[in-house]
Amino acid sequence: MRISAARPMAGMVALIATFLVAATVLAAPPGPASNPGPANGATNVDINETLTWTVGSGATAHDVYLGRENPPPYQGRVTTNAFIPGTFGRDRSYFWRVDEVDGTDVTTGTVWSFTTESSASVEERYKWAQWICQSLFNMPGHATPTSYAVSPWDYPEALYLSGIYEVWKETGGPMTNYLTDYMQPWADRTVQSDGSLSGNYQPLHYNLDYTSPGRALMAVYTETGQAKYLTGVGHIFSDQLASHRRNDEGGYWHKASVIGGTVYWWQMWLDGVYMAEPMTTWYAQTTGLTQWADEATSQILLIAQHAQDPATGLLYHGYFEYGTGHSPVPAWADPVTGCNPEFWGRAMGWYISAIVDVLDRIPSDHYNRAAIIQVLQDLVEGLDNFQDHDTGMWYQVVDKGYMGDNWVETSCSLFFSYGIAKAVQKGYVDPKYLENAWRGYRGVLNNKVDSSGANLILYGTVTVGSLGGSGGFYDYYVNSGLTVNDEKGVGALIYTALQMSRMADVDLTTPILHVDTGSIAFGTQDHNDGPTSTTFTLSNDALATGSLYVSLGDITGTYADEFSAVPQTAVSLLAPGESVVVTVTWTPTAIDLTVPRDVVLPIAHNDPARTSPFDMPIGGTPVPVEVSLFRVE
């Protein structure tokens with residue numbers, strides 16, 4: 001019986017082996033990517049070069065790695081043999097590779113390198129930002145600035161106009177007559193000769209969306225100096241914000257019409273922070289009415305107090321304030337927190353953009369500044385945890401990328417990239433997060449932008465997100481409609497392209513210079529005790545080459561005016577590993593230093609655009625300090 005069974009089993013084993021061999025042949029991994037463009041080792045490469053390659057046999061997708069270090073960091077997966085990186089830094093070496101994917105196997109590619117051109121004009125540096133603006137000027141239909149002389153007084157138009165203004169202001173083009181041909185005609189449709197606002201603006205709707213155009217109006221005033229425009233912005237405060245309905249803690253209701261329009265009873269939304277607060281702080285900075293800067297920062301912190309999730313750092317779209325007589329209660333309101341149940345992407349995008357823009361306009365010693373930066377840091381850390389691996393973008397419902405019906409959304413991905421990059425530039429968050437901003441921006445360029453024609457086409461922007469009606473729930477968000485060249489997506493793209501152009505020469509991945517001292521002790525002296533000296537050791541890490549000029553700058557930041565300027569000190573680090581000791585003298589001028597106070601001492605190298613500030617608490621307890629600076633090679 002055993003003998004008779006052995007013969008058929010042997011044949012079956014041979015058949016299985018033959019099948020496995022055949023299956024192995026059929027499942028061969030894809031061939032490697034080849035023929036890189038720019039060529040491996042190329043020099044003088046255009047800073048706006050698109051990366052291309054020849055697809056390996058059998059590959060259906062391509063994982064792109066790109067960066068200043070080797071091995072380069074992952075950027076995302078694309079399905080074509082081209083990758084748009086945005087703007088490279090000038091006179092910089094880059095490493096990149098393409099791993100070929102066939103759905104099952106991955107073939108790791110060769111690491112290639114190239115060096116960019118040593119100089120680039122303003123037009124070349126800001127090519128993407130300018131091209132986006134210019135292509136939209138040329139495009140008929142939706143989101144065309146030529147129609148804005150008769151456009152509504154609303155936030156999408158304000159975002160779009162303000163974004164183009166920022167490009168025009170910083171680059172001088174490509175819209176030479178942008179102010180006189182577009183922004184002023186738009187403003188003059190609403191602002192009368194005496195500064196009063198026409199019926200295009202309805203203050204009694206008490207709609208925070210209608211405060212956002214004040215930001216574009218501030219730009220027109222800044223450029224023209226015509227008082228009527230500043231007076232017009234003042235009417236937004238006197239006619240609306242001064243009497244805007246608030247919850248018991250002072251938070252603005254998002255919409256609170258008293259003339260038959262929409263009312264969102266007792267609700268604060270993240271969206272409203274962007275609509276009102278950057279405009280508010282610009283007005284406060286210009287007029288000296290500091291109470292409005294206080295108001296803006298309080299609104300930012302109040303909604304964070306209720307809507308920021310301590311576990312993730314993300315913020316819910318909004319919250320309803322429970323209280324005596326507070327009704328109607330929306331269906332989405334959590335019975336304890338009052339928050340809606342989901343983290344909507346663009347709402348957080350509005351919020352992070354508002355924070356970094358507001359911080360530009362409030363004093364460095366403002367009493368709410370540190371708390372706002374902490375909210376920002378927690379949010380950035382949270383966003384890092386939920387960035388999509390394949391695209392580098394973020395999801396419509398940010399924390400639920402694992403849901404099959406969720407999708408990556410354009411405007412939130414851009415706003416997050418803008419906010420993170422600016423936060424890095426200003427020193428609010430760890431430099432490591434700049435890579436998140438680049439991945440998000442590049443993800444949109446490679447997944448949602450069609451740049452093959454003469455004009456831009458931007459896909460994947462959600463039309464609207466609301467806490468009204470059936471809004472606030474997961475199904476509502478993921479079933480919201482998408483539009484092409486929507487002002488909210490295009491506006492976010494303009495701002496982000498401009499910001500990433502600023503960041504192109506910023507390389508925060510490789511530490512070059514660090515300042516290290518065991519402790520700093522300033523003691524508990526008062527101003528009569530005279531100057532105090534502190535010694536730093538400046539060390540050139542082994543990665544640095546050549547000479548490095550280092551200067552110690554003036555004190556800035558909180559309570560900076562209470563100290564005299566720090567003398568400039570030049571240090572040449574001539575070789576890797578060399579160290580030098582620098583003594584800095586601090587002179588308190590008019591304050592008792594018996595309590596801790598924060599100041600900032602910038603340390604800058606030979607590229608004046610790159611500085612890295614650090615905070616040194618002054619007090620009786622020694623504080624260990626280690627600071628990393630980074631240099632563009």
Output all residues satisfying salt bridge (charged side-chain N to carboxylate O under 4.0 Å, His left out) with Lys448, sequence neighbours left out; order by chain, then residue number. none
Using a 3.5 Å distance criterion without hydrogens, assess whether the side chain of Thr43 forms a donor-acceptor pair with backbone atoms of Thr115. no
With salt bridge (Lys or Arg N to Asp or Glu O under 4.0 Å) as the rule and sequence neighbours excluded, what pairs involving residues 117-135 come up? Arg125-Asp505
Across all chains, not counting sequence neighbours, the ring pair (Phe, Tyr, Trp, His ring centres under 6.0 Å) partners of Tyr94 are Phe88, Phe114
Can Gln202 and Gln240 be counted as having a side-chain donor-acceptor contact under 3.5 angstrom? no
Partner of Ile300 under side chain to side chain contact (heavy atoms under 4.5 Å, CB included), chosen from Asn368, Leu359, Ile355: Ile355
With heavy-atom distances below 4.5 Å as the criterion, would you say the side chains of Met183 and Trp168 are in contact? no
For the rings on Tyr283 and Phe237, is their centre-to-centre separation under 6.0 Å? yes
side-chain contact (heavy atoms from CB on, under 4.5 Å) between Phe416 and Val398: does it pass, once the steps are laid out? CA-CA 11 Å; Phe416 292 155; Val398 173; 4.2 Å; yes
According to the interplanar angle, ranging from 0 to 90°, do the rings of Tyr201 and Tyr210 count as parallel (below 30°), tilted (30 to 60°) or perpendicular (above 60°)? perpendicular
For residues 370-382, please give each side-chain donor-acceptor pair under 3.5 Å, one per line with the distance, not counting sequence neighbours.
residue, atom, partner, partner atom, Å
Gln374, NE2, Asp378, OD1, 3.0
Gln377, NE2, Tyr428, O, 2.7

Keeping Thr116 on the side-chain end and Ile47 on the backbone end, is there a donor-acceptor pair under 3.5 Å? no
Flag for His317-Asp271: side-chain donor and acceptor within less than 3.5 Å: yes
Measure from the side-chain N and O atoms of Ser113 to the backbone N and O of Phe95, and report whether any donor-acceptor pair falls under 3.5 Å. no
Between Thr461 and Glu409: side-chain donor-acceptor atoms closer than 3.5 Å: no
What are the two closest heavy atoms between Val462 and Ser480, and how far apart are they? CG2-CB, 3.5 Å
Report the residues that fulfil side-chain hydrogen bond (donor to acceptor under 3.5 Å, both in side chains) with Tyr418, sequence neighbours left out, ordered by chain and then residue number. Asp357, Lys422
Beyond-backbone contact of Tyr178 with Cys133, side-chain heavy atoms, under 4.5 angstrom: no
Please report the interatomic distance CZ(Arg442) to CG(Leu51), rounded to the nearest 0.5 Å. 8.5 Å
Is a donor on one side and an acceptor on the other found under 3.5 Å between the side chain of Asn446 and the backbone of Ile84? yes
Side chain to side chain, Leu458 and Val444, heavy atoms closer than 4.5 Å: yes
Please name all residues satisfying salt bridge (charged side-chain N to carboxylate O under 4.0 Å, His left out) with Arg77, sequence neighbours left out, ordered by chain then number. Asp63
Stepwise side-chain contact (heavy atoms from CB on, under 4.5 Å) check, Leu456 with Val449: CA-CA 7 Å; Leu456 166 81; Val449 170; 3.5 Å; yes
Which residues satisfy the side-chain hydrogen bond (donor to acceptor under 3.5 Å, both in side chains) test with Asp450, sequence neighbours excluded? Ser452
Checking Ser413 side chain against Met393 main chain: does a donor-acceptor pair fall under 3.5 Å? no
Holding to side-chain hydrogen bond (donor to acceptor under 3.5 Å, both in side chains), I want the full list of residues that pass it with Thr496, two or more places apart in sequence or in another chain. none
Do NZ/NE/NH1/NH2 and the carboxylate oxygens of Lys432 and Asp384 come within less than 4.0 Å? no
I want to check something: taking the side chain as every heavy atom from C-beta on, are Tyr252 and Thr211 in contact at a cut-off of under 4.5 Å? no
Would you tabulate the side-chain donor-acceptor contacts of residues 224-232 under 3.5 Å, counting partners in other chains and residues two or more places apart, or write 'none'?
residue, atom, partner, partner atom, Å
Thr224, OG1, Val220, O, 2.8
Thr224, OG1, Gln226, N, 3.2
Lys228, NZ, Asp188, OD1, 3.1
Tyr229, OH, Gln184, NE2, 3.2
Tyr229, OH, Asp188, OD1, 2.7
Thr231, OG1, Ala227, O, 3.0

Given Leu217 and Val191, is the side-chain contact (heavy atoms from CB on, under 4.5 Å) satisfied, shown in steps? CA-CA 9 Å; Leu217 211 55; Val191 182; 3.6 Å; yes
Taking Gln308 for its side chain and Leu315 for its backbone only, find out whether a donor-acceptor pair lies under 3.5 Å. no
Taking atom types as modelled and ignoring hydrogens, do the side chains of Trp344 and Gln396 form a donor-acceptor contact shorter than 3.5 angstrom? yes
Output, in order, the C-alpha distance, side-chain angles, deciding distance and verdict of ring pair (Phe, Tyr, Trp, His ring centres under 6.0 Å) for Phe386 and Tyr395. CA-CA 8 Å; Phe386 295 104; Tyr395 282 85; 10.0 Å; no
4.5 Å side-chain heavy-atom contact, Leu383 and Trp394: yes
Less than 4.5 Å apart, side chain to side chain, heavy atoms only: is that true for Leu241 and Leu208? yes
Would you check if the side chain of Arg346 reaches a backbone N or O of Thr463 as a donor-acceptor pair within less than 3.5 Å? yes
Checking Asp46 side chain against Asn48 main chain: does a donor-acceptor pair fall under 3.5 Å? yes
Could you check whether any side-chain N or O of Thr190 sits under 3.5 Å from a backbone N or O of Ala187, counting only pairs where one atom can act as donor and the other as acceptor? no
Looking only at heavy atoms, which two atoms of Gly489 and Ser411 are closest? And how far apart? CA-CB, 4.2 Å
Classify the ring geometry of Trp438 against Tyr441: parallel below 30°, tilted from 30° to 60°, perpendicular beyond 60°. tilted
Distance-only side-chain donor-acceptor flag, Gln299 / Glu295, under 3.5 Å: yes
In short, ring-ring contact (aromatic ring centres under 6.0 Å, His included) pairs touching residues 345-364 with sequence neighbours left out are Tyr155-Trp350, Tyr274-Trp350, Trp350-Phe415
My understanding is that only residues two or more places apart in sequence, or in another chain, count here; which of them pass ring pair (Phe, Tyr, Trp, His ring centres under 6.0 Å) with Tyr433? none
Not counting sequence neighbours, which residues clear side-chain hydrogen bond (donor to acceptor under 3.5 Å, both in side chains) with Glu277? List them please. none
Are any of the side-chain heavy atoms of Ser198 and Gln192 separated by less than 4.5 Å? yes
Under a 3.5 Å distance rule, please check whether Asp388 uses its side chain to pair with a backbone N or O of Thr391 as donor and acceptor. yes
State, yes or no, whether a side-chain contact exists between Lys255 and His205 at a heavy-atom distance under 4.5 Å. no
